[in-house]
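Worksheet for the structure shown next.
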Amino acid sequence: MEDKELKMSFEPRTIEHLGVKMYSHVPPALAELIANSYDACATRVDVKLYDIEEKKIVVVDNGTGMSFDEVNEHFLKIGRNRREQSQESGCDRTATGKKGLGKLALFGLGNKITIITRKDGVEVEFILDYNEIKEWDNGDYTPSYKLTETTEPNGTTLKLEQLNRVTGFPVENYAISISKLFNFKAPDFELYISLNDLEPILVDNKLKYDNIKAEFKWDYNEISSLTDSEYSYKEQISGELLTTEKPLIPGSRGITLFSNGRMVNAQEFFGAIESSHFFSYATGWLDVDFIDDMDEDLISTDRQSINWEHKIAIDLKEFLILCLKALEKDWRGKRKVKKIEKINEKTNINVNEWFGNLPPEIRTKLEPVIASIVENSQLPENETNQVVSTIHEFVPDYPYFHWRHLHSEVQNAAKTDYENRDFYRAFTEAAKRYITETRTKSSSTNASDSGMMGSVYGRGGTLSVTHSYLKPDGTPFQPDTLGSIEDGQKFLSMGIVAGGRNPVSHELIADLRDSGLFSEKDCLDGLSLLSHLYRRLEDS
């Protein structure tokens, strides 16, 4: 082979600022190497970490590899934009990188990088030594290299040594972190990461939320349909958003933006007002490929943020805030329904039926209280259920019916018709039960109900409702006092018989109720009087 040399054009401070300082953490630096493999049409990438004896990182892919000229013209040229130069991928993948700075990430991890790349039967091996580069003062850096003919398949291996770290590699955490940096769309691409050649971990899109248990999920299209925005790129967005049952840890909250398979904006809520506790439960991702396809570069070098001052980005942010508002509203509705279902299950209180059985003036006051407990309370589930149960005891279904403290027999007789809003029938049914009980206890044979009341109650009647009472000092009450109470029982009882003697038709019941001639309040007043008479009857 003819004599050639590799040449790297750079200013040493470029590597220091764009490599060593920007990529001092392992996952972001590894992401640059993985992206290179993806762009090289690899179907499998293995990231191998070693922390026994000498610490090192090895990245192996089965991509197209690079020829000697491609190493020189592409890999070793800092700041080359592959898209502007129309470099084809060969596998119908949109390139994830375009700044030409990703290779500097290598020096953020280690000082010595060995690169072995094979293409079309030729293997190129060369070493980049950061310490050597820093001392280089002879123009362009020219690393030594070796060219070898090979029968091995195309692909590239990068080995990083002399690492800038003393601690080990938390491989599981790295797997999750790396998964959050990518959203690769090629179905034939697989990424694995391993430690000391142990069982590798598959890094895929699902791993992003592997440790997050979703309570509700939304496809982007569901959320988009909830807004009436005419945002021009509305149809070019996709993704998935989710909320959890319990608050997320701070580092897991927010929506991540991806473009052409790579993160372009770290998790955030885009300036939305985060006073609502909804933002403690929300996370997810969105693909916004058009951001990376703009003529002007809107993505920061470290891919942590979009330039939100640009007009295109401002419009995107405003639309995303609208989506978050729609998502929050829908989340509150779903959460309310689910919580109410749990309350129904645990307390046997059907909240919706309960509200339906409350008078409007009570329901309008109670609904906001229950809604606050169900939607906004941070109480544990069992405490929430207990609070709702306690409120239900104070404000039961048909509260006026219970708040009158009606006699149990009166309640039993009137309950069904009262709940059906047949108030006159409820009154007459309770009256008939009182009449029957009076007849039974007195053994009266008087055929007339009114005549029976006149004969069994009052002064000299067969049933005395005052006979068992004495003053607190043990002396008897005056006869006139007792006589007045006895007569009261008689005349009130006769009035009850007269008022509820002849049940009316169903149609007339509605007329009585709706006209106000015999309203719910009239019914309750009558049932209260019956309860008073019933208790006197029990004392007779």
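When a residue number appears, it is its place in the shown sequence, counting from 1.
Taken to the nearest 0.5 Å, the CG atom of L163 stands 5.0 Å off from the CZ atom of F169. Atom CZ of F258 sits about 9.5 Å away from atom CZ of F182, to the nearest 0.5 Å. The OG1 atom of T283 sits 10.5 Å away from atom CZ of R253, with the distance rounded to the nearest 0.5 Å. Note that CD1 of I57 and CG of L109 are 5.0 Å apart. Values are rounded to the nearest 0.5 Å. Of the inter-residue distances, the one linking Y38 atom OH with T43 atom OG1 reads 12.0 Å to the nearest 0.5 angstrom. Between atom CG of residue L181 and atom OG1 of residue T256 there is a gap of 9.0 Å, rounded to the nearest 0.5 Å.
If you check the side chains of K208 and N205, you find a donor sitting under 3.5 Å from an acceptor. Of the N and O atoms on the side chains of N36 and D61, not one donor lies less than 3.5 Å from an acceptor on the other residue. No donor-acceptor contact under 3.5 angstrom links the side chains of W285 and N183, judged on distance only. No side-chain N or O of H74 forms a donor-acceptor pair with one of D69 less than 3.5 Å apart. Between Y418 and E520, the side chains place a donor N or O and an acceptor N or O closer than 3.5 Å (distance only, hydrogens not considered). In the model, D522 has a side-chain atom that pairs as donor or acceptor with a side-chain atom of S519 under 3.5 Å. Checked by atom type, the side-chain pair R332/S276 shows a donor-acceptor distance below 3.5 Å.
A cation-pi geometry, defined here as NZ or CZ lying under 6.0 Å from the six-membered ring centre and within 45° of its normal, holds between R335 and Y281. In this structure, R513 fails the cation-pi test against Y424, since its NZ or CZ atom is not both closer than 6.0 Å to the six-membered ring centre and inside 45 degrees of the ring normal. Seen from the ring of F270, K317 does not count as a face-on cation partner, given the 6.0 Å and 45° thresholds. Note that K338 lies in the cation-pi zone of F216, set by a 6.0 Å cut-off to the ring centre and a 45° limit from the axis.
Under the 30°/60° scheme for interplanar angles, the aromatic rings of F269 and F279 are found to stand perpendicular. Ring planes of F518 and F427: tilted class, angle from 30 to 60°.
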Fill in: Step-by-step salt bridge (Lys or Arg N to Asp or Glu O under 4.0 Å) determination, D210 to K206
CA-CA 6 Å; D210 188 58; K206 296 178 182 178; over 6 Å; no
Worksheet item: Could you go step by step and tell me if E172 and I176 meet the side-chain contact (heavy atoms from CB on, under 4.5 Å) rule?
Response: CA-CA 7 Å; E172 291 86 1; I176 294 173; 5.8 Å; no
Practice prompt. Could you check L241 against L327 for side-chain contact (heavy atoms from CB on, under 4.5 Å), going step by step and ending with a plain yes or no?
Written response: CA-CA 9 Å; L241 306 181; L327 178 65; 3.9 Å; yes
Practice prompt. List the steps, then state whether side-chain contact (heavy atoms from CB on, under 4.5 Å) holds for T156 with S37.
Written response: CA-CA 8 Å; T156 299; S37 297; over 6 Å; no
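Under a cut-off of 6.0 angstrom, the local environment of CD in E361 is crowded, with over 12 non-hydrogen atoms contributed by other residues, nucleotides or ligands. For D514, the CG atom sits in a packed shell: over 12 heavy atoms of surrounding residues, nucleotides or ligands are nearer than 6.0 Å. Few gaps surround NZ on K234; more than 12 heavy atoms of other groups in view lie less than 6.0 Å from it. Atom NZ of K185 has more than 12 heavy atoms from other residues, nucleotides or ligands within 6.0 Å.
Between V374 and V351 there is no side-chain heavy-atom pair separated by less than 4.5 Å. Side-chain contact between I373 and I391 is present, with at least one heavy-atom pair separated by less than 4.5 Å.
Of all non-hydrogen atoms in G168 and P170, the two that sit nearest each other are O-CD, 3.6 Å.
With W331 contributing its side chain and L242 its backbone, the two residues share no donor-acceptor pair below 3.5 Å. For R118 (side chain) and P153 (main-chain N/O), a donor-acceptor pair under 3.5 Å exists by modelled atom type. Between the side chain of N196 and the backbone N or O of L198 there is no donor-acceptor pair closer than 3.5 Å. S259 places a side-chain N or O within 3.5 Å of a backbone atom of V288 that can act as its donor or acceptor partner.
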